[in-house]
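Notes follow once the structure below has been shown.
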Amino acid sequence: MHISTYKIARVALVFILIFVPLLLFRYFSGSHTNYCPFSHKMSDTSQCVILHISLDRVLVRHSDKYTNEHYFEIIDSGKSYKYDVPEYTGPKTPMFRIRMVENERQTVSINGEKYVLLPIEKSLN
């Protein structure tokens, strides 16, 4: 069975006209920052929020409601370090103030209470 070049071109054009705008919409809409990984930028269930900026360090909270993925990322002088979100034990409040603690690379303050962050282990896959 021989498929003509014209049919292949038509299928490619339909793909471009339908799927590329959808992918571009996902990329440019949503709640993400320059610190979001590409997979989060392409997902409408992901969110990346800058929580604190201090000197050469940036604290970002990444989450995805669909995959139930939540983690903190500290970008220190261009290097990325990923950490589990600590279990908050303080008073229940709708507003959280989260800050990096100066001179303590893996420590954050949540509503004034210090928490040492645990690094996320990289998978061996």
Side-chain angles (χ1 to χ4, degrees):
M1 194 167 172
H2 177 66
I3 300 176
S4 71
T5 306
Y6 176 72
K7 286 184 181 181
I8 292 173
R10 269 191 6 196
V11 169
L13 182 61
V14 167
F15 177 80
I16 290 170
L17 291 176
I18 293 175
F19 292 106
V20 170
L22 290 173
L23 293 174
L24 288 174
F25 175 76
R26 280 191 161 197
Y27 184 81
F28 289 111
S29 69
S31 176
H32 58 266
T33 69
N34 291 339
Y35 298 104
C36 283
F38 185 73
S39 62
H40 285 189
K41 290 181 180 180
M42 296 306 292
S43 170
D44 55 352
T45 61
S46 293
Q47 184 181 47
C48 305
V49 178
I50 297 173
L51 299 172
H52 186 215
I53 298 174
S54 175
L55 301 173
D56 288 341
R57 295 173 45 183
V58 179
L59 175 63
V60 183
R61 180 184 50 89
H62 299 276
S63 63
D64 188 327
K65 294 176 187 175
Y66 181 71
T67 62
N68 203 25
E69 171 188 46
H70 307 281
Y71 63 94
F72 285 149
E73 178 182 24
I74 294 178
I75 301 163
D76 188 356
S77 300
K79 292 185 180 180
S80 171
Y81 303 93
K82 295 181 175 129
Y83 302 97
D84 284 324
V85 174
E87 191 71 36
Y88 178 68
T89 58
K92 301 295 179 211
T93 175
M95 297 297 293
F96 289 94
R97 180 175 168 87
I98 303 172
R99 297 287 180 255
M100 292 177 287
V101 176
E102 294 299 322
N103 300 320
E104 295 183 40
R105 185 172 135 195
Q106 288 183 219
T107 306
V108 295
S109 164
I110 303 175
N111 291 342
E113 217 174 298
K114 281 187 174 183
Y115 291 85
V116 176
L117 299 175
L118 299 175
I120 294 175
E121 298 296 323
K122 296 188 181 205
S123 66
L124 300 174
N125 295 338

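All values below were derived from every heavy atom in this structure, side-chain atoms included, with hydrogens, water molecules and symmetry-related copies excluded.
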Determine, step by step, whether H52 and I50 satisfy the side chain to side chain contact (heavy atoms under 4.5 Å, CB included) criterion, reporting the C-alpha distance in whole Å, the side-chain angles of both residues, the deciding distance to 0.1 Å, and the verdict. CA-CA 6 Å; H52 186 215; I50 297 173; over 6 Å; no
Test side chain to side chain contact (heavy atoms under 4.5 Å, CB included) applied to V60 and V49, step by step: CA-CA 6 Å; V60 183; V49 178; 6.0 Å; no
Which donor-acceptor pairs under 3.5 Å do the side chains of residues 72-86 make with protein atoms, sequence neighbours left out?
from	atom 1	to	atom 2	distance (Å)
E73	OE1	H62	NE2	2.6
E73	OE2	S80	OG	2.4

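Between S109 and V101, the shortest heavy-atom distance links the atoms N-CG2, 3.9 Å. Between L51 and R99 the shortest heavy-atom distance is O-NH1, 2.9 Å.
Hydrophobic clustering (side-chain heavy atoms under 4.5 Å, transitive across Ile, Leu, Val, Met, Phe, Trp, Tyr) keeps L17 apart from F15.
Residues N68 and H70 meet the side-chain proximity criterion, which asks for heavy atoms closer than 4.5 Å.
A side-chain N or O of S54 and one of E102 form a donor-acceptor pair less than 3.5 Å apart.
Atom CZ of R105 sits about 11.0 Å away from atom CG of L117, to the nearest 0.5 Å. Separation of atoms CZ (R61) and OH (Y71) is listed at 11.5 Å; rounding is to 0.5 Å.
The backbone N or O of K7 lies less than 3.5 Å from a partner atom in the side chain of S4, making a donor-acceptor pair. A donor-acceptor pair under 3.5 Å is absent between the side-chain atoms of E69 and the main chain of S63, judged by distance alone.
Listed by chain and number, the residues in a salt bridge (Lys or Arg N to Asp or Glu O under 4.0 Å) with E104 are K114 (sequence neighbours excluded). Evaluation of the ring-ring contact (aromatic ring centres under 6.0 Å, His included) rule for F96 yields Y88 as partners, not counting sequence neighbours.
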